[in-house]
Every structure is written in C-alpha cells, then in structure tokens.
Amino acid sequence: MSTLTPLVGLSPEELGAALEGIGVAPKQASMRVRQLWNWVYVHGAKDFAGMSNLARDFRESAAAHFSLMRPEIVTEQISEDGTRKWLLRTAPGIEFETVYIPEEDRGTLCVSSQVGCTLTCRFCHTGTQKLVRNLTPFEIVGQIMVARDALNDWPSTAENRRITNVVMMGMGEPLYNFDNVKAALAIVADGDGLALSRRRITLSTAGVVPMIERAGAEIGSMLAISLHAARDEVRDVIVPINKKYPIRELMAACRSYPGLSNARRITFEYVMLKGVNDSNADAKALVKLIAGIPAKINLIPFNPWPGSPYECSDWDRIEEFADIVNRAGYASPVRTPRGRDIMAACGQLKSESVKERASARMAALRSEELSRMPH
Ligand code: SAH
C-alpha cells in the first residue's frame with residue numbers, strides 16, 4: 001500500500017494544512033491550494049510533473065508526499081443502452097459501484113455513499129448487503145474522478161460536459177454518512193472545482209428525518225425522498241426505517257426543507273410493486289399526502305434482482321397510476337429502466353464486500369502486501 005496521502009477529497013483547509021506539513025510557508029499555502037485545486041478538479045491532473053505553472057521544487061516535494069490516485073477500477077461494464085457501471089475498490093474488502101447514465105440532454109452519475117446499507121428495504125438489492133462501512137470523501141469524490149477520466153470529461157470548464165448531474169442514489173444511505181457526504185459534495189459543487197451547480201446535485205434519502213433539515217441547510221442540494229408508499233402499514237414493510245420515522249414526520253420534514261419552492265421541488269421516488277402499492281387508491285392517497293408540497297413524483301418500474309420477492313407492476317397499471325398523479329397537478333415521469341442487463345438499474349447495485357473482523361482485515365492487508373513484494 002502506498003503511504004502517500006491522496007489529495008482527492010481533502011477540503012481546501014485540509015489541503016492547506018497538509019501543504020504546511022511538508023514545509024510550505026503559511027503565507028504561500030493558500031496560493032498553492034488554489035493552484036493544486038485547479039489542476040486536480042478543473043484539469044483532472046493525475047501527476048504533479050505536468051503542473052507546468054508550479055516551481056519544480058514544489059512539484060517534487062508534493063510528489064514525494066501526496067498522490068493523485070483514484071479508487072482502483074475492478075471492473076467496467078457497458079450496457080446495451082450505453083449505461084456504464086464501474087466496480088471500484090480502495091482497500092481489501094472495500095468495493096462499491098458507480099453508474100453513468102447518458103441521456104439526450106444530460107449525463108447523470110449515480111454515486112454510492114456506503115459499502116452495503118443498514119436499511120433493508122425489501123425490494124432493494126443493496127439492502128441485502130450488510131453495511132461494511134461509510135465511504136470517505138476520497139472515495140465519494142473519487143467515483144466522479146474515475147468516471148470523468150473514463151469518459152474523457154475534462155476540463156471542468158468545457159462547454160459540453162458528459163457528466164452534468166450527480167445523484168447520491170447508489171449504494172447506501174447518504175444521510176447516515178452525513179459528514180463525509182457533505183464534505184464530498186462541497187467539492188463537487190465548488191465553482192473552482194468540479195463545478196456542478198447544487199441544482200444538479202440530488203441527494204436521495206429513505207427518510208432519515210432528523211437529518212433532512214441539516215441536509216438542506218448545510219449541503220443545499222436537491223432532495224429526493226424514497227417514499228414508495230403513502231400508508232404506514234405498507235411503508236413499514238417495504239421501507240423499514242418508516243417504523244422509526246413514520247410518514248407524518250417525514251412529510252413534516254419535507255414541508256420545511258430549506259429552500260423549497262416551485263423552482264426547487266422535492267422528487268418523491270415511488271417504486272411500482274405489483275399488488276403492493278400500485279392501486280388507484282394508493283395513487284389517490286399519494287396525492288393527498290403531498291398536497292401543497294412543490295413536488296414531482298418519479299415512478300420507478302421495479303427492477304428485479306436474483307431472489308427479489310416482488311414483481312414490477314404491469315405497464316397499464318403504471319400508466320393509470322401516473323395519470324391520477326398527473327391530473328392532481330404533479331409531474332409524474334416514469335423512470336426508464338437503464339442498465340438492467342448489467343445490474344446497474346435502481347436498486348440493483350451490490351458488491352461482494354462483507355464486514356470482516358478487524359483482525360481478518362489486517363491479515364488480508366498483510367497478505368496483500370506480501371504478495372506485492374518482489375519474490
Ligand atoms: N438510501 C437512499 C439512496 C439510494 S437511492 C434512498 O433510499 O433514497 C436508490 C433508489 O432506488 C431509491 O429510491 C430506492 O428505493 C430505489 N430502488 C431500490 N431498489 C429498487 C428496485 N429493485 N427497483 C427500482 N427501484 C429501486
């Protein structure tokens with residue numbers, strides 16, 4: 001394992017402190033931070049040698065202490081519809097997925113926040129993978145760096161960028177990893193950095209009610225709520241966090257989401273499960289529930305996975321449901337399933353990583369180091 005400190009994911013303050021730590025004079029540090037920041041996040045630099053406007057001494061000492069590495073790509077899969085999925089790895093047993101979804105008018109990167117998940121939503125494949133751990137800012141921002149490298153999507157100042165939107169809708173619950181997600185999204189939204197406007201960043205939560213207001217105030221992205229049912233009896237079963245934070249409390253948090261307006265609506269995600277939540281009565285309950293909230297309803301055809309206990313609603317059913325929501329005045333687009341053939345669609349992500357005892361992890365690390373040593 002390299003002992004160099006990765007720069008990707010550090011805040012400007014952390015980067016400044018790291019530079020002072022290698023002897024950069026405090027007076028010079030903020031200028032150096034700006035220069036490095038520009039190379040890393042505007043140009044996607046992968047080495048220090050090419051940073052032509054920096055003194056050679058500085059480049060050399062930076063290279064001796066820091067790295068511009070990204071998470072390692074374990075596999076890349078490309079769907080017949082152009083969706084791409086990367087399985088990334090940052091340490092033995094720490095593997096997570098990222099998905100790029102190209103569309104006519106935009107390109108969306110779906111980013112993971114945790115390895116595994118604690119929520120156990122009944123229809124979600126990730127929910128069958130126990131939480132291994134939270135991803136760090138390096139690992140979250142690193143997903144975007146990897147995708148932009150692979151898509152040749154530098155510099156950040158280019159007119160036609162391939163990644164125009166980021167959604168925190170990959171593996172994990174972002175509001176259970178608040179600090180790291182906040183730190184990572186600050187870099188994504190930084191105008192001198194990856195430079196995606198906060199309106200093009202969406203954080204999706206299954207409903208960690210006490211964190212929703214903070215998310216609005218401190219992260220300021222768009223909000224999506226994985227609602228999936230308008231009645232507690234149903235939601236308790238399919239989204240078990242509902243037993244802790246029932247629908248009424250969730251709706252109250254939505255109504256007071258900072259910055260909510262017609263121009264900044266909440267997206268309610270609603271997975272269409274045959275015979276479970278897809279009746280006309282369910283649709284009517286849904287519009288009643290969200291009455292008065294500037295919102296759009298994203299209907300997601302259920303994406304199956306091996307052993308999944310549900311079926312997707314029939315197309316006619318989805319259309320009738322969408323009509324009811326639509327007639328009540330809410331946009332109700334049906335999300336086209338993308339990347340199903342490579343298990344990259346909503347709710348299909350999962351990695352083989354399992355939580356190991358620390359001792360087993362150390363042993364794996366040591367044997368990996370040994371195997372890298374010259375024989
Ligand atoms: N934990 C967060 C982030 C994950 S977002 C959240 O729950 O919002 C992933 C989205 O895909 C969520 O809306 C989730 O409910 C939905 N989803 C999960 N499994 C699915 C499946 N099999 N088919 C369609 N959508 C699914």
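Order of appearance sets the numbers: ligands from 1, and atoms from 1 within every ligand. Note that the coordinates shown come from a computational prediction; the quantities given were computed from them, not determined experimentally.
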Pair Phe123 + His228: ring centers closer than 6.0 Å: yes
Output block, N or O contacts of ligand 1, threshold 3.5 Å exclusive:
from	atom 1	to	atom 2	distance (Å)
ligand 1	1 (N)	Gly172	O	3.0
ligand 1	1 (N)	Glu173	OE1	3.1
ligand 1	7 (O)	Ser226	OG	3.2
ligand 1	8 (O)	Ser204	OG	2.6
ligand 1	8 (O)	Thr205	N	3.4
ligand 1	8 (O)	Ser226	OG	2.6
ligand 1	13 (O)	Ser226	OG	2.7
ligand 1	13 (O)	Glu269	OE2	3.1
ligand 1	15 (O)	His228	NE2	2.6
ligand 1	19 (N)	Phe123	O	3.4
ligand 1	22 (N)	Phe123	O	2.8
ligand 1	22 (N)	Asn303	O	2.8
ligand 1	23 (N)	Asn303	N	2.8
ligand 1	23 (N)	Cys346	O	3.3

Using atom types as modelled, flag every donor-acceptor pair under 3.5 Å from a side chain in residues 284-291 to any protein atom, sequence neighbours excluded.
none

Rounded distance (nearest 0.5 Å) linking atom CZ of Phe48 with atom CZ of Phe66: 7.0 Å
Side chain to side chain contact (heavy atoms under 4.5 Å, CB included) involving Val354 - partner list, sequence neighbours excluded: Glu356
Donor-acceptor contacts under 3.5 Å from residues 209-223 side chains, at least two apart:
from	atom 1	to	atom 2	distance (Å)
Arg214	NE	Glu218	OE2	2.8
Arg214	NH2	Glu218	OE1	3.2
Glu218	OE1	Lys182	NZ	2.8

Carboxylate-amine/guanidinium contact Asp153 Arg148, below 4.0 Å: yes
